[in-house]
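These notes concern the structure reproduced below.
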Amino acid sequence: AFSNGGQPVAYLVAKDNSALYFYGQGLDTVYTDTNVYWLGVGDALLMATRNTTLPKPDSVARTFPSTQRWAKNLSADVLKKFIPALAVAGEPDGDYWCWGYAYVKAGASSSVTFSSGNLDAPGAVNAGSATVAVELRGASESTNPVSVPDHHAEVLVNGVVVGSGQFDGTDHYRLEARFDQGVAGAPVILPQGNVISVRGVLDQGVPSSLFVVKSVELTYPRAYQAVNNALTFGTGNYPAVTVEGFTGSDVTVLDISDA
């Protein structure tokens, strides 16, 4: 028997009985990112198989929307040294882990801009629309009675501003921006080496702004091209798609949809 969280999990036995194949999913909580699957003695739930006629290969170079998400957890103790606002009592189950931060102050000679470093987008196609989303949280609050929000953030993709947003105090905020590749002045998503940056902008009346970056997410057009002999993909409304890039002809296709 194979299970996760007390529920049976279907699996597929390798042809030579050397392994079990199953669709494993990780966790993303404030406590752990590790999920546990249990193998024991009991009734098994085998994956169902489907006999079907192979469709005619699709010769059109199609794409599908692929989402990559990145997050790095810096030490909460380190963050609390310069972000005391996040250590405010009242959120015992709050997520205080953050990747980095952005800071800007009126009259200061320099500011801090968050940079993701190089991020890969396998199979990226430099055409069509893409969307970037960053999870932010304010870490400062202005005492001035101004009507404008405390924080004004801009998100950049490969050095080009693609969107901005405003939020207050220690609020959580998801900044999402959509852009069209190939349009004059717009960035292009690369298969390797993309850099997503977030910087603060001071609006009139705001003395300073400090906010943290928790995660970065990128959704982009991806080619039906396997990486390391594997690809997780959707077919959309296409009657058939052709996936290239496999090094052999012994390929297994698993339906992992909830339908």
Side-chain angles (χ1 to χ4, degrees), residues 25-26 28 33 58-73 98-102 112-138 149 151-167 171-201 211-246 256-258:
Q25 296 177 288
D28 185 10
D33 59 0
D58 187 2
S59 59
V60 179
R62 302 190 186 278
T63 63
F64 68 98
S66 177
T67 299
Q68 301 283 337
R69 183 181 182 275
W70 302 272
K72 296 180 181 179
N73 290 331
C98 307
W99 186 348
Y101 70 100
V112 177
T113 296
F114 166 82
S115 177
S116 66
N118 291 335
L119 302 176
D120 294 343
V125 176
N126 59 359
S129 299
T131 300
V132 62
V134 290
E135 294 290 344
L136 309 174
R137 186 177 183 185
H151 311 291
H152 182 169
E154 289 184 337
V155 59
L156 301 84
V157 175
N158 295 331
V160 180
V161 176
V162 295
S164 64
Q166 297 171 296
F167 58 106
D171 289 350
H172 294 270
Y173 182 69
R174 179 180 172 89
L175 172 53
E176 189 169 311
R178 180 179 178 274
F179 57 95
D180 295 322
Q181 300 184 96
V183 178
V188 170
I189 303 301
L190 308 172
Q192 295 179 316
N194 299 285
V195 176
I196 296 176
S197 307
V198 184
R199 67 188 181 194
V201 178
F211 56 86
V212 298
V213 179
K214 303 178 73 63
S215 66
V216 171
E217 188 176 288
L218 182 64
T219 300
Y220 62 95
R222 180 171 180 171
Y224 285 96
Q225 185 81 19
V227 177
N228 297 325
N229 282 317
L231 180 67
T232 302
F233 63 93
T235 58
N237 295 321
Y238 303 141
V241 297
T242 298
V243 180
E244 300 179 333
F246 292 104
I256 60 174
S257 64
D258 293 330

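These figures come from a predicted structure and were not determined experimentally.
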(request) First locate atom CD1 of I189, then atom OG of S66, and finally report the distance between them rounded to the nearest 0.5 Å. (result) 11.5 Å
(message) If I compare all heavy atoms of K214 with all of A71, which pair ends up nearest, and what's the gap?
(response) O-CB, 3.6 Å
(message) So Q68 and Y220, do their side chains get closer than 4.5 Å, heavy atoms only?
(response) yes
(request) Taking all non-hydrogen atoms of both residues into account, name the closest pair between A177 and V162 and its distance. (result) CB-O, 3.5 Å
(request) Please list all pairs passing the salt bridge (Lys or Arg N to Asp or Glu O under 4.0 Å) test where one or both residues lie in residues 183-200, with sequence neighbours left out. (result) E154-R199
(request) Quick one: pull up CG in L218 and CG in N194 and give me the separation to the nearest 0.5 Å. (result) 6.5 Å
(message) I need the F211 CZ to H152 NE2 distance, nearest 0.5 Å.
(response) 9.5 Å
(request) Working to the nearest 0.5 Å, report the span between OG of S197 and CZ of F114. (result) 8.0 Å
(message) As an exercise, state the distance from CD of E217 to CZ of R69, rounded to the nearest 0.5 Å.
(response) 7.0 Å
(request) Classify the angle between the aromatic ring planes of F167 and H151 as parallel (below 30°), tilted (30 to 60°) or perpendicular (above 60°). (result) tilted
(request) To the nearest 0.5 Å, tell me how far N158 CG sits from L190 CG. (result) 5.0 Å
Listing, residues 237-244 side-chain donor-acceptor contacts under 3.5 Å, not counting sequence neighbours, or none:
| from | atom 1 | to | atom 2 | distance (Å) |
| --- | --- | --- | --- | --- |
| Y238 | OH | T63 | O | 3.3 |
| T242 | OG1 | D58 | N | 2.9 |
| T242 | OG1 | D58 | O | 2.9 |

Please tabulate, one pair per line, all N/O donor-acceptor pairs under 3.5 Å involving side-chain atoms of residues 119-135, not counting sequence neighbours.
| from | atom 1 | to | atom 2 | distance (Å) |
| --- | --- | --- | --- | --- |
| D120 | OD1 | G193 | N | 3.3 |
| S129 | OG | R178 | NH2 | 2.7 |
| S129 | OG | D180 | OD1 | 2.5 |
| E135 | OE2 | R174 | NH1 | 2.8 |

(request) Compare every heavy atom of N229 with every heavy atom of G245, then report the nearest pair and how far apart it is. (result) O-OD1, 4.1 Å
(message) Testing the basics here: between A102 and G200, what is the closest heavy-atom pair and its distance to 0.1 Å?
(response) CB-N, 4.2 Å
